[in-house]
**Student:** 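Sharing a structure below in structure tokens format, with a few things to ask.
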Amino acid sequence: PQLYRQLVGNSVRYFTSERDGADVDSSVMNRQPANLTDEKAYVYADPRYDSNDNLLGTLKKTGGPVDVSGGWFDAGGGYEKFGYTASYADALMLLAARDNPNSYDQLQQEAAFGLQWVTKLWNPARKVLYAQVGIGTGNASNTIQGDYNFWFLPQQEDRMNVKPGGNPGPSAYYVKYRPVFPAAPPGQKVSPNLAGRFAADFALGAQVEGGGGTDPAQAQHLLSLARSVYAMAKTTHVGQLVTVFPHDFYPATQWKSDMLWGAAEIALADEATGAPAARVRADLATAARWARAYIAQGHDDT
């Protein structure tokens, strides 16, 4: 803690500065509530892009509204929110919070903020995982614009007039009313990198709550979310992994490590919540299977 306190504090404060939604901290860069339209967002079929990341065709609404408010922006100038990156960042925070309880100011609170949003992205009843909120790039003709067409503070997105004759008008509709894209249609298997990471998040949350936390019922709920999303992983005929749209913003090919990670954290959550020994052994066996598969690809076993 003596060596890392300032570094951890700076890192956590950065994520606080990237908060979206109503629950922002105005002491950081005078942040203001933003993208409140995400509280009632609509789901669209996954978009298609050309080789220059221009949107092809139009967006097709498939469901909603859903509440995907909150979370962190992906970057300082692009206000999209990605489950792929947020789930990884939040897992690291949760690991630190678990292993260093009460050692760093605001760490656990920011990790909990991230987990709250990640939880909104997984609907276990419908078996659908939402991967992204918002679009960075629109089409080549600018009749559909994205976040990267504009350079302003995030709260300005709520103030846009996207009606005909307004400023900037209908072309910015999806900047104000941001689309939500699923990782797969409801009930279909989910890209294993996402399933593994989300399972790790939920299981780490269960460990924080169950290993000295104050809400055992919440720990069990989070562990059930971990198991349900993990069970939906597509581990055969995987094809191109789902990361973000367009894919080349965050290309990825490795997923066995994510499956290992998710299973290992579920096993640790079993222990933290007092699960039967047989269940712990079964989950450890799953983690070991994916560890062997990962190492077999030539990765160092350290």
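Side chains included, hydrogens not; waters and symmetry mates left out as well; all remaining heavy atoms used. Just so it is clear, the model here is predicted, and its values are computed rather than measured.
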**Student:** Does S27 form a side-chain contact (heavy atoms from CB on, under 4.5 Å) with R13? I'd like the steps, not just the answer.
**Tutor:** CA-CA 10 Å; S27 72; R13 194 164 176 82; 4.1 Å; yes
**Student:** Shared ILVMFWY cluster between F73 and I135, side chains joined below 4.5 angstrom?
**Tutor:** yes
**Student:** Side chains of E209 and Q220 only: does a donor on one sit below 3.5 Å from an acceptor on the other?
**Tutor:**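 E209 vs Q220: no donor-acceptor pair found between side chains.
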**Student:** I'd like to know whether W261 forms a ring pair (Phe, Tyr, Trp, His ring centres under 6.0 Å) with W255, so could you lay out the CA-CA distance, the side-chain angles of the two residues, the decisive distance to 0.1 Å, and finally the verdict.
**Tutor:** CA-CA 10 Å; W261 191 12; W255 55 269; over 10 Å; no
**Student:** Would a distance-only check, ignoring hydrogens and angles, find a side-chain to backbone donor-acceptor pair under 3.5 Å from R19 to D23?
**Tutor:** yes
**Student:** For residues 4-41, which residue pairs pass the ring pair (Phe, Tyr, Trp, His ring centres under 6.0 Å) check, not counting sequence neighbours?
**Tutor:**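 Qualifying pairs, neighbours excluded: F15-W72.
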**Student:** Once you round to the nearest 0.5 Å, how far does CD of Q207 lie from CG of D270?
**Tutor:** 9.5 Å
**Student:** For the residue pair Q145 and N142, establish whether any side-chain heavy-atom pair is separated by less than 4.5 Å.
**Tutor:**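 Q145 reaches N142 side chain to side chain.
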**Student:** Is it the case that one hydrophobic cluster holds both F82 and L194, taking links as side-chain heavy atoms less than 4.5 Å apart, direct or via other members?
**Tutor:**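 Yes, because F82 and L194 connect within a single hydrophobic cluster, where side-chain heavy atoms sit under 4.5 Å apart.
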**Student:** So which atom in G205 and which in L222 form the shortest heavy-atom distance, rounded to 0.1 Å?
**Tutor:**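 G205 and L222 have their closest heavy atoms at C-CD1, 3.6 Å.
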**Student:** Should we count CG of N102 as having more than 12 external heavy atoms under 6.0 Å?
**Tutor:** no
**Student:** Answer yes or no: does atom OH of Y49 have more than 12 heavy-atom neighbours from other residues, nucleotides or ligands under 6.0 Å?
**Tutor:**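 Yes, the 6.0 Å shell around OH holds more than 12 heavy atoms from other groups.
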**Student:** From R279 CZ over to T273 OG1, what is the distance, rounded to the nearest 0.5 angstrom?
**Tutor:**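 The OG1 atom of T273 is 8.0 Å from CZ of R279, to the nearest 0.5 Å.
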**Student:** State plainly whether one hydrophobic cluster holds both L95 and L223, where clusters connect Ile, Leu, Val, Met, Phe, Trp and Tyr through side-chain heavy atoms under 4.5 angstrom apart.
**Tutor:** no
**Student:** Does the side chain of V133 come within less than 4.5 Å of W117's, by heavy atoms?
**Tutor:**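 Touching, per the 4.5 Å side-chain cut-off.
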**Student:** Could you list all the salt bridge (charged side-chain N to carboxylate O under 4.0 Å, His left out) pairs where at least one residue sits in residues 76-88, not counting sequence neighbours?
**Tutor:**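 As it turns out, the salt bridge (charged side-chain N to carboxylate O under 4.0 Å, His left out) pairs with a partner in residues 76-88, which skip direct neighbours, are D20-K81, D38-K81.
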**Student:** Going by the salt bridge (charged side-chain N to carboxylate O under 4.0 Å, His left out) test, which pairs reach into residues 151-169, not counting sequence neighbours?
**Tutor:** E157-R178
**Student:** Would you say that V175 contacts M160 through its side chain, given a criterion of any heavy-atom pair below 4.5 Å between the two side chains?
**Tutor:**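 Of all side-chain heavy-atom pairs linking M160 with V175, at least one is under 4.5 Å.
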**Student:** Between I266 and R227, is there a side-chain heavy-atom distance shorter than 4.5 Å?
**Tutor:**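 With C-beta onward as the side chain, the pair touches.
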**Student:** For V280, what are the other residues in its hydrophobic cluster, where any two members join if their side-chain heavy atoms are less than 4.5 angstrom apart?
**Tutor:**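 Joined to V280, directly or through intermediates: L284.
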**Student:** Side chain of D90, backbone of S87: donor and acceptor closer than 3.5 Å?
**Tutor:**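 The answer is no, because no donor-acceptor pair under 3.5 Å joins these two groups.
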**Student:** Determine, using the 4.5 Å side-chain heavy-atom cutoff (strictly less than), whether Y230 and Y294 are members of one ILVMFWY cluster.
**Tutor:** no
**Student:** What salt bridge (charged side-chain N to carboxylate O under 4.0 Å, His left out) pairs are there with at least one residue in residues 239-267, not counting sequence neighbours?
**Tutor:**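 Pairs touching residues 239-267 that pass the test: R98-E265, R197-D258.
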**Student:** Without placing hydrogens or testing angles, list every side-chain donor-acceptor pair under 3.5 Å for residues 233-243, not counting sequence neighbours.
**Tutor:**
{"from": "K234", "atom 1": "NZ", "to": "H237", "atom 2": "O", "distance (Å)": "3.3"}
{"from": "T243", "atom 1": "OG1", "to": "H247", "atom 2": "ND1", "distance (Å)": "3.2"}
{"from": "T243", "atom 1": "OG1", "to": "Y250", "atom 2": "O", "distance (Å)": "2.8"}

**Student:** So, applying side chain to side chain contact (heavy atoms under 4.5 Å, CB included) with T119, which one of L121, L115, N123 is it?
**Tutor:**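 Exactly one pass, corresponding to L115.
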**Student:** Is any side-chain heavy atom of L59 closer than 4.5 Å to a side-chain heavy atom of Y42?
**Tutor:** no
**Student:** Per the ring pair (Phe, Tyr, Trp, His ring centres under 6.0 Å) rule, what does the pair list look like for residues 166-196, sequence neighbours excluded?
**Tutor:** Y44-Y174, Y173-Y177, F181-F245
**Student:** side-chain contact (heavy atoms from CB on, under 4.5 Å), that's the test. Do S26 and R31 meet it? Break it down for me.
**Tutor:** CA-CA 5 Å; S26 61; R31 285 299 322 285; 5.7 Å; no
**Student:** Can you name the side chain to side chain contact (heavy atoms under 4.5 Å, CB included) partners of S141, sequence neighbours left out?
**Tutor:**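 With sequence neighbours excluded, S141 shows a side chain to side chain contact (heavy atoms under 4.5 Å, CB included) to N139, T143, given in chain and number order.
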**Student:** Taking all heavy atoms of A111 and all of L94, pick out the closest pair and write down the distance.
**Tutor:** CB-CD2, 3.8 Å
**Student:** Nearest heavy-atom pair of A219 and A206: which atoms, and what distance?
**Tutor:** O-CB, 3.3 Å
**Student:** Which pairs, with at least one residue in residues 125-134 and sequence neighbours excluded, count as a side-chain hydrogen bond (donor to acceptor under 3.5 Å, both in side chains)?
**Tutor:**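 Listed by first then second residue: nothing to list.
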**Student:** Can you hop from L204 to Y84 via hydrophobic side chains spaced under 4.5 Å?
**Tutor:** yes
**Student:** Do you know which two heavy atoms are closest between L260 and A291, and how far apart they sit?
**Tutor:**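 Smallest heavy-atom distance, with atoms named: CD1-CB, 3.9 Å.
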**Student:** Within the 4.5 Å heavy-atom criterion, are S228 and W122 side-chain neighbours or not?
**Tutor:**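 They are in contact (side-chain heavy atoms under 4.5 Å apart), so the answer is yes.
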**Student:** As an exercise, state the distance from CG of N35 to CD of Q156, rounded to the nearest 0.5 Å.
**Tutor:** 11.0 Å
**Student:** Hey, does the side chain of D147 reach the backbone of Y79 with a donor-acceptor pair shorter than 3.5 angstrom?
**Tutor:** yes
**Student:** Heavy atoms only: give me the nearest S17-V28 pair and the separation to one decimal.
**Tutor:** CB-CG1, 3.3 Å
**Student:** With sequence neighbours excluded, give me every salt bridge (charged side-chain N to carboxylate O under 4.0 Å, His left out) pair touching residues 43-71.
**Tutor:**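 Sorted result for residues 43-71: D67-K120.
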**Student:** Checking S257 against W290 for the side-chain hydrogen bond (donor to acceptor under 3.5 Å, both in side chains) test, could you report, in this order, the C-alpha distance in whole Å, the side-chain angles of both residues, the deciding distance, and whether it holds?
**Tutor:** CA-CA 7 Å; S257 57; W290 288 115; over 6 Å; no
**Student:** Checking P170 now: which residues fulfil side chain to side chain contact (heavy atoms under 4.5 Å, CB included) with it, not counting sequence neighbours?
**Tutor:** P164
**Student:** Which residues pass the ring pair (Phe, Tyr, Trp, His ring centres under 6.0 Å) test with F152, not counting sequence neighbours?
**Tutor:**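 Partners of F152 under the ring pair (Phe, Tyr, Trp, His ring centres under 6.0 Å) test: F150.
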**Student:** How close do R5 and Y104 get, heavy atom to heavy atom, and via which atoms?
**Tutor:**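 Minimum heavy-atom contact is CA-CE2, 3.7 Å.
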**Student:** Around atom CD of Q297, are there more than 12 heavy atoms of other residues, nucleotides or ligands at under 6.0 Å?
**Tutor:**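 Above 12, so yes.
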**Student:** Answer whether the closest heavy-atom distance between the side chains of V180 and V66 falls below 4.5 Å.
**Tutor:**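 They are in side-chain contact.
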**Student:** Taking atom OG of S69 and atom CD of Q116, what is their separation to the nearest 0.5 Å?
**Tutor:** 8.0 Å
